[in-house]
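Here the structure is laid out as structure tokens; the discussion comes afterwards.
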Amino acid sequence: MKHDCIFCRIVRGEIPAKKLFEDDDILAFHDINPSAPVHFLIIPKLHLENLYDADLSHQPLVGKLFGMAGTLARDQGLHDGFRVIVNNGRVGRQEVYHLHVHVLGGPEPLGSSNLRR
Ligand code: 5GP
Ligand code: ZN
């Protein structure tokens, strides 16, 4: 099913993004409004709204989002740590309703202002 959400449009190449990684299942790209010196997003190509919209049948895909985080963080030079955030729904202050993992990094330790995203 074709979705009009902004991240589905990035997946389809209808909106440009600074891509870091792409395969058949997932896409990683730099956040357009970074909250830290390094801030990128890892998303499934499948449109899932958030983790509330996912179940165990999505375990391989959700696992892949997290499984790639370290490799991509290493590629970005985040050798001394980084933060991973997933905002879910209104209470989680999610803005884009297509599941995404935020990866934020230094060089300096992050503050509480980087907690949300
Ligand atoms: P959320 O609050 O939903 O967890 O975060 C959504 C993130 O997507 C925000 O950090 C925002 O800057 C980013 N974002 C929104 N629209 C675009 C876009 O068109 N391109 C890119 N690269 N990032 C976007
Ligand atoms: Zn989508």
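Both counts, for ligands and for their atoms, begin at 1 and track the order of listing.
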Going from [atom1] on [X] to [atom2] on [Y], what distance comes out if it is rounded to the nearest 0.5 angstrom?
| X | Y | atom1 | atom2 | answer |
| --- | --- | --- | --- | --- |
| E22 | F29 | CD | CZ | 10.5 Å |
| I85 | L110 | CD1 | CG | 8.0 Å |
| I26 | L61 | CD1 | CG | 8.0 Å |
| L48 | D53 | CG | CG | 5.5 Å |

Please determine whether any non-hydrogen atom of I10 lies less than 4.0 Å from an atom of ligand 1.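 Contact check I10 vs ligand 1: positive.
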
Rounded to 10°, how big is the angle at the Zn ion (ligand 2) from H47 ND1 to H98 ND1?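 That angle works out to 110° after rounding to 10°.
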
With a cut-off of 4.0 Å, which atoms of ligand 1 are near a heavy atom of [X]?
| X | answer |
| --- | --- |
| H102 | 1 (P), 4 (O), 5 (O), 7 (C), 10 (O) |
| R93 | 2 (O) |
| L41 | 8 (O) |
| N87 | 1 (P), 2 (O), 4 (O) |

Which atom names give the shortest non-hydrogen contact between K64 and D25, and what distance separates them?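 Taking every non-hydrogen atom into account, NZ-OD2, 2.7 Å.
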
Atom OH of residue position Y52 - does it have more than 12 heavy atoms of other residues, nucleotides or ligands inside 6.0 Å?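 Check fails, neighbour count at 12 or below.
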
Flag if over 12 foreign heavy atoms under 6.0 Å of CG, D80: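 For D80, atom CG is not crowded (no more than 12 foreign heavy atoms under 6.0 Å).
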
Hey, does the side chain of [X] reach the backbone of [Y] with a donor-acceptor pair shorter than 3.5 angstrom?
| X | Y | result |
| --- | --- | --- |
| Q94 | E49 | yes |
| N88 | L51 | yes |
| H100 | H98 | yes |

Heavy atoms only, cut-off 4.0 Å: how does [X] contact ligand 1, side chain, backbone, both, or neither?
| X | result |
| --- | --- |
| H30 | backbone |
| H100 | side chain |
| I6 | side chain |
| F40 | neither |
| F29 | side chain |
| N33 | both |

Winner among D31, I43, I15 once heavy atoms are compared against atom 11 (C) of ligand 1: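 Looking at heavy atoms only, D31 sits closest to atom 11 (C) of ligand 1.
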
May I ask you to check if any N/O/S atom from C8 comes under 2.8 Å of the Zn ion (ligand 2)?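 Given the 2.8 Å cut-off, C8 counts as a ligand of the Zn ion (ligand 2).
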
Could an N or O of ligand 1 be found under 3.5 Å from any N or O of [X], whether backbone or side chain?
| X | value |
| --- | --- |
| F7 | no |
| H39 | no |
| E95 | yes |

Please test F66 against V86 for side chain to side chain contact (heavy atoms under 4.5 Å, CB included), starting from the C-alpha separation and ending with a verdict. CA-CA 11 Å; F66 286 88; V86 183; 3.8 Å; yes

